[in-house]
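Report on the structure given below.
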Amino acid sequence: MTSTTESTRELLLSRIRDVADYPKPGVVFKDITPLLADPAAFAALTDALAELCVRHGATKIVGLEARGFILAAPVAVRAGLGFVPVRKAGKLPGATLSQSYELEYGSAEIEIHAEDLEAEDRIMVIDDVLATGGTAEASLELIRRAGAQVAGVSVLMELGFLAGRARLEPALRGAPLEALITV
């Protein structure tokens, strides 16, 4: 549990819109664009995530494509840390490390510029949602393969019913997983 206040959680949750049957029938999509459009809510989210980065001793932040970029970049600025993107395969120029992972409907691959991470770096991974945990798990593998340490994973929202936390637990190797909201 984070030190995020109940009023902050309520503010964040009040700005997340449920969109029925998106992207396919039966799915309720959690749309964070109203939260991003509200400067007070976006600032509260940025502050809460920056506090977690500082508390866990992060030296750099990794943001996961694509909505993780939106959250991680201002958090990095607020916390005074560097930002390193983890992108879908083929989107970063130059030499990269890549990691494939399984999804419920197939597989995917993500990449990072390894030279942006150093052995003494402690990396906080930031994303908008923890669902099944596949992308976060692959990002932890990339961070370690690049030679850096994992400070933790922080997300705006955890979809508890998808069991991503259980999948991610072994890959965390004791690093914290913090969700500001769990639904």
Side-chain angles (χ1 to χ4, degrees), residues 2 16 19 22-33 45 49 52-53 56 58-73 75-76 81-119 121-183:
T2 70
I16 298 170
V19 179
Y22 183 82
K24 61 182 184 179
V27 173
V28 178
F29 183 78
K30 299 292 187 184
D31 181 15
I32 67 166
T33 58
L45 172 59
L49 291 172
L52 291 173
C53 292
H56 295 298
T59 61
K60 288 185 182 162
I61 296 173
V62 157
L64 304 181
E65 189 166 341
R67 291 184 297 179
F69 294 173
I70 297 168
L71 305 186
V75 169
L81 304 173
F83 169 75
V84 180
V86 166
R87 306 245 12 222
K88 294 174 183 171
K91 300 291 185 179
L92 290 172
T96 61
L97 286 177
S98 64
Q99 182 68 39
S100 295
Y101 61 101
E102 295 303 314
L103 301 165
E104 57 275 12
Y105 52 84
S107 63
E109 187 175 9
I110 56 175
E111 295 180 332
I112 193 168
H113 281 137
E115 70 268 10
D116 292 340
L117 303 180
E118 299 173 6
D121 282 328
R122 290 183 42 79
I123 308 302
M124 179 66 75
V125 175
I126 293 183
D127 205 2
D128 63 328
V129 174
L130 176 66
T132 62
T135 308
E137 181 182 39
S139 73
L140 298 178
E141 177 66 22
L142 278 177
I143 290 163
R144 289 187 178 111
R145 286 179 47 217
Q149 305 163 50
V150 174
V153 175
S154 297
V155 296
L156 164 59
M157 182 176 14
E158 178 180 353
L159 305 180
F161 60 91
L162 292 177
R165 182 176 291 267
R167 176 181 180 170
L168 196 54
E169 198 67 37
L172 286 166
R173 301 181 195 167
L177 167 56
E178 307 242 23
L180 301 180
I181 299 168
T182 301
V183 295

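In what follows, every heavy atom counts, from backbone to side chain, and hydrogens, waters and symmetry copies are set aside.
Partners of Ala73 according to the side-chain contact (heavy atoms from CB on, under 4.5 Å) rule, which considers only residues two or more places apart in sequence or in another chain, do not exist here. Taking the side chain to side chain donor-acceptor pair (under 3.5 Å) definition, one finds that Ser139 meets it with nothing, sequence neighbours left out. Listed by chain and residue number, Arg167 satisfy the salt bridge (Lys or Arg N to Asp or Glu O under 4.0 Å) test with Glu137 (two or more places apart in sequence, or in another chain). Qualifying side chain to side chain donor-acceptor pair (under 3.5 Å) partners for Glu115, counting only residues two or more places apart in sequence or in other chains: none.
A heavy-atom distance below 4.5 Å is found between the side chains of Ile16 and Leu156. Residues Gln99 and Arg145 are in side-chain contact: their nearest non-hydrogen atoms beyond the backbone lie under 4.5 Å apart. Residues Val75 and Leu45 have side chains not in contact (no heavy-atom distance under 4.5 Å, counting atoms from C-beta outward).
Using a distance-only test at 3.5 Å, with no hydrogens or angles considered, a donor-acceptor pair links the side chain of Glu65 to the main chain of Lys88. Put simply, the side chain of Glu111 gets close to the backbone of Gly90: a donor and an acceptor are under 3.5 Å apart.
For residues 148-161, the side chain to side chain donor-acceptor pair (under 3.5 Å) pairs, not counting sequence neighbours, are Glu158-Arg165.
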Would Leu130 and Val153 satisfy side chain to side chain contact (heavy atoms under 4.5 Å, CB included), going step by step from the backbone distance to the final call?
CA-CA 10 Å; Leu130 176 66; Val153 175; 5.9 Å; no
Test side chain to side chain contact (heavy atoms under 4.5 Å, CB included) on Ile112 and Val62; report intermediate values, then the result.
CA-CA 9 Å; Ile112 193 168; Val62 157; 4.2 Å; yes
For Met157 and Thr182, run side chain to side chain contact (heavy atoms under 4.5 Å, CB included): C-alpha distance rounded to whole Å, both residues' side-chain angles, the deciding distance at 0.1 Å, then the answer.
CA-CA 6 Å; Met157 182 176 14; Thr182 301; over 6 Å; no
List the steps and the verdict of side chain to side chain contact (heavy atoms under 4.5 Å, CB included) for Val19 and Val28.
CA-CA 5 Å; Val19 179; Val28 178; over 6 Å; no
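Note: Lys91 NZ to Thr96 OG1 = 13.5 Å, rounded to the nearest 0.5 Å. How far CG of Leu81 is from CD1 of Ile61: 5.0 Å, rounded to the nearest 0.5 Å. Expressed to the nearest 0.5 Å, how far CG of Leu159 lies from OG1 of Thr132 amounts to 9.5 Å.
Heavy-atom minimum distance, Gly63 versus Phe69: O-CE2, 3.3 Å. Across every non-hydrogen atom of Ile110 and Ala138, the tightest pair is CD1-CB, 3.6 Å. When all heavy atoms of Pro176 and Ala151 are compared, the pair lying nearest together is CD-O, 3.1 Å. The minimum heavy-atom distance linking Leu97 with Ala114 is given by the pair CD1-CB, 3.6 Å.
Within a 6.0 Å radius of CZ in Phe29, other residues, nucleotides and ligands contribute more than 12 heavy atoms.
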Side-chain polar contacts of residues 121-128 - donor-acceptor pairs under 3.5 angstrom, sequence neighbours left out - could you list them?
from, atom 1, to, atom 2, distance (Å)
Asp121, OD1, Thr59, OG1, 3.1
Asp121, OD2, Lys60, NZ, 3.0
Asp121, OD2, Glu118, N, 2.8
Arg122, NE, Gly57, O, 3.3
Arg122, NH2, His56, O, 2.7
Asp127, OD1, Gly68, N, 3.4
Asp128, OD2, Arg67, NE, 2.6
Asp128, OD2, Arg67, NH1, 3.4
Asp128, OD2, Arg67, NH2, 2.8

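Under the 3.5 Å distance criterion, with hydrogens and angles disregarded, no donor-acceptor pair is assigned to the side chains of Tyr101 and Ser107.
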